[in-house]
2 protein chains.
Amino acid sequence: MLSNSSKYAIKGVLYLALNSNESHKIMVRDIFEVVHVPEAYLAKLLQELSRHGIISSVRGPKGGFYLSEDDRKRTLMDIVRVIDGEKRVHSCVMGMRNCDMDNPCVLHKLVGANKSKFINVLENTTILDLVEGKQNIEEFFPL
Amino acid sequence: MLSNSSKYAIKGVLYLALNSNESHKIMVRDIFEVVHVPEAYLAKLLQELSRHGIISSVRGPKGGFYLSEDDRKRTLMDIVRVIDGEKRVHSCVMGMRNCDMDNPCVLHKLVGANKSKFINVLENTTILDLVEGKQNIEEFFPL
DNA sequence: CATAAAAAGGATAAAAATATCTTTTAATCT
DNA sequence: AGATTAAAAGATATTTTTATCCTTTTTATG
């Protein structure tokens with residue numbers, strides 16, 4: 001429903017949201033220990049997000065990853081979509097054939113409603129919401 | 001959150017609930033095609049459930065798997081617990097350290113509520129509920 | 001222009017999940 | 001008892017996910 005990779009990616013982006021901006025970019029080297037994700041693996045994930053325009057990056061000295069103002073308007077689902085793919089997220093809880101949102105099976109009715117809510121949260125929560133929101137920033141840690 | 005193996009197991013048990021009883025046992029051979037799970041794999045899963053007393057089975061001729069009356073009172077969570085383990089189900093959505101139901105992180109607050117509901121459904125829905133309930137039996141298919 | 005910094009990319013490795021095959025054990029029926 | 005049937009158990013194979021390593025490309029700066 002939500003892969004480790006996606007969780008890692010969200011953690012990384014969260015860190016960027018809290019610590020980076022256009023004039024202060026951050027290297028993977030400075031993130032991976034804080035969010036407890038292997039350096040090379042996190043790099044891969046962030047590169048993937050950058051390639052899909054979900055986050056920003058520049059190469060070379062003084063380079064690194066960061067979130068632009070627009071990037072911050074991205075939703076959690078944007079991240080998950082890139083890392084896990086649309087398919088995984090929307091696949092039927094029961095893996096039933098001929099069963100999806102529109103034509104749900106019984107288990108869909110039982111658990112699907114909650115899954116849908118889960119998806120709604122992912123779709124409606126932006127990075128900005130998380131960071132600027134009413135949330136106590138301290139609660140994010142430890143990532 | 002819910003492995004394929006668990007889904008397979010639930011499907012298998014559902015089939016047993018609909019088609020078996022103490023005096024009419026069913027062989028894996030007769031289930032696997034209907035529920036679209038590889039024969040040997042489904043066998044493993046059902047054996048595991050049987051070993052943990054979630055479903056019933058007898059060996060030899062006229063043998064097979066079946067659900068006793070008591071078996072039918074088992075919840076979906078009983079199945080998931082055996083196949084996926086307690087840990088997987090209750091693990092933090094974000095994989096945060098120091099984060100669980102009692103001491104939730106921010107993402108917990110966002111998506112955790114729905115996850116908890118999801119878990120509640122699994123914990124409060126018995127096989128019997130699914131089969132005898134108000135549900136139209138046809139809706140289960142195709143498994 | 002040279003150099004160093006940093007992401008990007010490709011190839012590989014390790015671990016976990018999924019799946020299959022083979023042998024053993026138990027029950028039933030001649 | 002012996003043959004047969006079916007689950008149980010054990011060993012092995014495949015695939016997917018997760019993770020690492022190493023090289024290449026880009027870019028800023030002295």
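Numbered from 1 within each chain, the chains take letters A, B, ... in sequence-line order.
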Among residues at least two apart in sequence or on other chains, which ones pass side chain to side chain donor-acceptor pair (under 3.5 Å) with A:Asn21?
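Once residues adjacent in sequence are excluded, the partners of A:Asn21 under the side chain to side chain donor-acceptor pair (under 3.5 Å) criterion are A:Ser23.
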If the condition is side chain to side chain donor-acceptor pair (under 3.5 Å), which residues does A:Ser20 pass it with, not counting sequence neighbours?
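If we apply the side chain to side chain donor-acceptor pair (under 3.5 Å) test to A:Ser20, skipping adjacent residues, there are no hits.
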For A:Asn4, what residues pass the side chain to side chain contact (heavy atoms under 4.5 Å, CB included) criterion, not counting sequence neighbours?
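Scan of A:Asn4 (side chain to side chain contact (heavy atoms under 4.5 Å, CB included), adjacent residues dropped) gives A:Lys7, A:Tyr8.
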B:Ser57 side-chain N/O to D:dA8 phosphate OP1/OP2 under 4.0 Å
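So the side-chain polar atoms of B:Ser57 do come within 4.0 Å of the phosphate oxygens OP1 or OP2 of D:dA8, strictly under.
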Side chain to side chain, [X] and [Y], heavy atoms closer than 4.5 Å:
X	Y	value
A:Leu16	A:Ile55	yes
A:Asp71	A:Ile127	no
B:Thr125	B:Thr75	no

Using a heavy-atom cut-off of under 4.0 Å over every strand shown, decide if B:Ile26 touches base, sugar-phosphate, or nothing.
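Result for B:Ile26 = sugar-phosphate.
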Could you run through nucleotides 20-30 of chain D and give me one letter per nucleotide, 5' to 3': B if any protein heavy atom sits under 4.0 Å from the base, S if only the sugar-phosphate is that close, - if neither?
BB---BBBBS-
Rounded interatomic separation in angstrom, taking [atom1] from [X] and [atom2] from [N]:
X	N	atom1	atom2	answer
A:Leu45	D:dA19	CG	P	9 Å
A:Tyr8	D:dT18	OH	P	8 Å
B:Asn4	D:dT14	CG	C1'	15 Å

Covered region of DNA chain C, 5' end to 3' end, by chain A [heavy atoms, under 4.0 Å]
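First and last nucleotides in contact are C:dA4 to C:dA11.
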Which side-chain N or O atoms in residues 41-50 of chain A pair as donor and acceptor under 3.5 Å with protein atoms at least two apart or in another chain?
{"from": "A:Tyr41", "atom 1": "OH", "to": "A:Ser5", "atom 2": "OG", "distance (Å)": "2.4"}
{"from": "A:Glu48", "atom 1": "OE1", "to": "A:Arg51", "atom 2": "NH2", "distance (Å)": "3.1"}
{"from": "A:Glu48", "atom 1": "OE2", "to": "A:Arg51", "atom 2": "NH2", "distance (Å)": "3.2"}
{"from": "A:Ser50", "atom 1": "OG", "to": "A:Ser57", "atom 2": "OG", "distance (Å)": "2.8"}

Can you name the residues that form a salt bridge (charged side-chain N to carboxylate O under 4.0 Å, His left out) with A:Glu86, not counting sequence neighbours?
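If we apply the salt bridge (charged side-chain N to carboxylate O under 4.0 Å, His left out) test to A:Glu86, skipping adjacent residues, the hits are A:Arg81.
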Kindly write out the residues that satisfy salt bridge (charged side-chain N to carboxylate O under 4.0 Å, His left out) with A:Lys62, not counting sequence neighbours, or none if the list is empty.
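By the salt bridge (charged side-chain N to carboxylate O under 4.0 Å, His left out) rule, A:Lys62 matches no residue at all.
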Any salt bridge (charged side-chain N to carboxylate O under 4.0 Å, His left out) involving residues 23-43 of chain B? Give me the pairs, sequence neighbours left out, ordered by first then second residue.
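Qualifying pairs, neighbours excluded: none.
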Which distance, rounded to the nearest 0.5 Å, do you find between the CD1 of A:Ile54 and the CG of A:Asp78?
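Between A:Ile54 CD1 and A:Asp78 CG, I get 4.5 Å after rounding to 0.5 Å.
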What is the distance from atom CD of B:Glu22 to atom OH of B:Tyr66, rounded to the nearest 0.5 Å?
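One gets 4.0 Å once the value is rounded to the nearest 0.5 Å.
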Specify the residues of residues 47-56 of chain A, ordered by number, for which at least one heavy atom lies under 4.0 angstrom from an atom of DNA chain C.
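Correct list: A:Gln47, A:Ser50, A:Arg51.
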Is there a donor-acceptor pair closer than 3.5 Å between any side-chain N or O of A:Arg74 and the backbone N or O of A:Leu128?
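Pair absent, no side-chain N/O of A:Arg74 close to backbone of A:Leu128.
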For the helix from C:dC1-D:dG30 to C:dT30-D:dA1, figure out the bend between the end axes, five pairs an end, and round to 10 degrees.
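The angle separating the two end axes equals 0°.
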